*Asks:* 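Can you read through this structure? Questions will come right after.
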Amino acid sequence: MNPERTQAYGRIVRTLEEIGPVKLLDTELTRIREAADTLIFASDVEGDVRVAIDDIRALADHLVESGRWSFERATALVDDVSACGPLAPVA
């Protein structure tokens with residue numbers, strides 16, 4: 001864990017507190033929390049991390065397509081959730 005991952009996690013928590021109850025369903029809140037928790041505690045980018053990021057990307061796409069979130073806000077969510085996780089190894 002490093003400060004950048006912790007800060008990203010904090011941004012997600014603030015987002016969920018500030019706009020979550022108004023703009024997200026309970027199941028969507030849970031998906032975001034679970035994805036952020038999965039990434040913050042992960043030590044590598046395999047398995048559950050990839051699944052969690054893919055799920056958040058799908059959720060973000062749905063939120064934009066339904067008109068509930070702007071593209072910018074959804075992109076920030078994906079970026080913040082991704083930033084909670086470990087860095088991918090450089091090839």
Side-chain angles (χ1 to χ4, degrees):
M1 183 119 26
N2 61 37
E4 291 81 12
R5 290 173 73 180
T6 304
Q7 290 169 1
Y9 190 86
R11 288 190 301 272
I12 294 166
V13 170
R14 282 190 299 283
T15 297
L16 295 180
E17 289 173 349
E18 292 171 4
I19 65 165
V22 176
K23 296 271 188 172
L24 294 169
L25 302 173
D26 287 341
T27 55
E28 295 164 339
L29 287 166
T30 299
R31 285 169 67 184
I32 296 167
R33 280 191 197 104
E34 287 178 356
D37 287 349
T38 296
L39 271 74
I40 198 74
F41 294 114
S43 60
D44 62 46
V45 294
E46 297 304 318
D48 292 342
V49 169
R50 293 185 191 279
V51 171
I53 291 172
D54 288 346
D55 182 52
I56 292 304
R57 285 183 179 144
L59 176 59
D61 289 344
H62 169 73
L63 293 170
V64 171
E65 290 168 4
S66 68
R68 293 170 42 211
W69 278 34
S70 68
F71 175 80
E72 294 77 16
R73 184 176 297 272
T75 299
L77 174 68
V78 171
D79 290 346
D80 285 341
V81 171
S82 297
C84 286
L87 296 175
V90 177

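It should be emphasised that the depicted structure is a prediction, and the values quoted were computed from it without experimental measurement.
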*Asks:* Mind checking the NZ-OG spacing from K23 to S70? Nearest 0.5 Å is all I need.
*Replies:*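 So the NZ of K23 and the OG of S70 are separated by 8.5 Å.
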*Asks:* Testing L59, T75, L77 for side-chain contact (heavy atoms from CB on, under 4.5 Å) with W69, which one passes?
*Replies:*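 For W69, the side-chain contact (heavy atoms from CB on, under 4.5 Å) test succeeds with only one of L59, T75, L77, which is L77.
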*Asks:* Are R68 and L25 side-chain neighbours, meaning at least one heavy-atom pair lies under 4.5 Å?
*Replies:*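 In short, these two side chains touch, coming nearer than 4.5 Å.
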*Asks:* Kindly check if the number of other-residue, nucleotide or ligand heavy atoms within 6.0 Å of CG (D48) is above 12?
*Replies:*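 Atom CG in D48 is not crowded, with 12 or fewer foreign heavy atoms closer than 6.0 Å.
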*Asks:* Can you tell me how far the CZ atom of R14 sits from the OH atom of Y9, to the nearest 0.5 Å?
*Replies:*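 Rounded to the nearest 0.5 Å, the CZ-OH separation comes to 12.5 Å.
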*Asks:* When you group the ILVMFWY residues by side-chain heavy-atom contacts below 4.5 Å and let the links chain together, are V81 and L16 in the same group?
*Replies:*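 Yes, it is one cluster - the side chains of L16 and V81 are joined through contacts under 4.5 Å.
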*Asks:* Do I53 and L29 sit in the same hydrophobic cluster, where Ile, Leu, Val, Met, Phe, Trp and Tyr count as joined when their side-chain heavy atoms come under 4.5 Å apart?
*Replies:*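 They do share one cluster, since a chain of ILVMFWY contacts under 4.5 Å joins I53 to L29.
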*Asks:* Which atom names give the shortest non-hydrogen contact between L39 and P86, and what distance separates them?
*Replies:*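 Closest approach of L39 to P86: O-CD, 3.9 Å.
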*Asks:* Taking all non-hydrogen atoms of both residues into account, name the closest pair between A83 and R11 and its distance.
*Replies:*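 Result for this residue pair: CB-NH2, 4.4 Å.
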*Asks:* Measure the CG-CD distance between N2 and Q7 for me, rounded to the nearest 0.5 Å.
*Replies:*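 It comes to 8.5 Å.
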*Asks:* With a sphere of 6.0 Å drawn around CZ of R73, does it hold more than 12 non-hydrogen atoms of other residues, nucleotides or ligands?
*Replies:*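 Open.
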*Asks:* Give the minimum heavy-atom separation between I56 and I32, together with the two atoms involved.
*Replies:*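 Smallest interatomic distance, heavy atoms only, reads CD1-CA, 3.8 Å.
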*Asks:* Out of curiosity, does L63 fall in the hydrophobic cluster containing I19 (side-chain heavy atoms, cut-off under 4.5 Å, transitive links)?
*Replies:*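 Yes; tracing contacts between hydrophobic side chains, which count when under 4.5 Å, links both residues.
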*Asks:* Quick one: closest heavy-atom pair of F71 and V64, and the distance?
*Replies:*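 Distance-wise, the nearest heavy atoms are CA-CG2, 3.8 Å.
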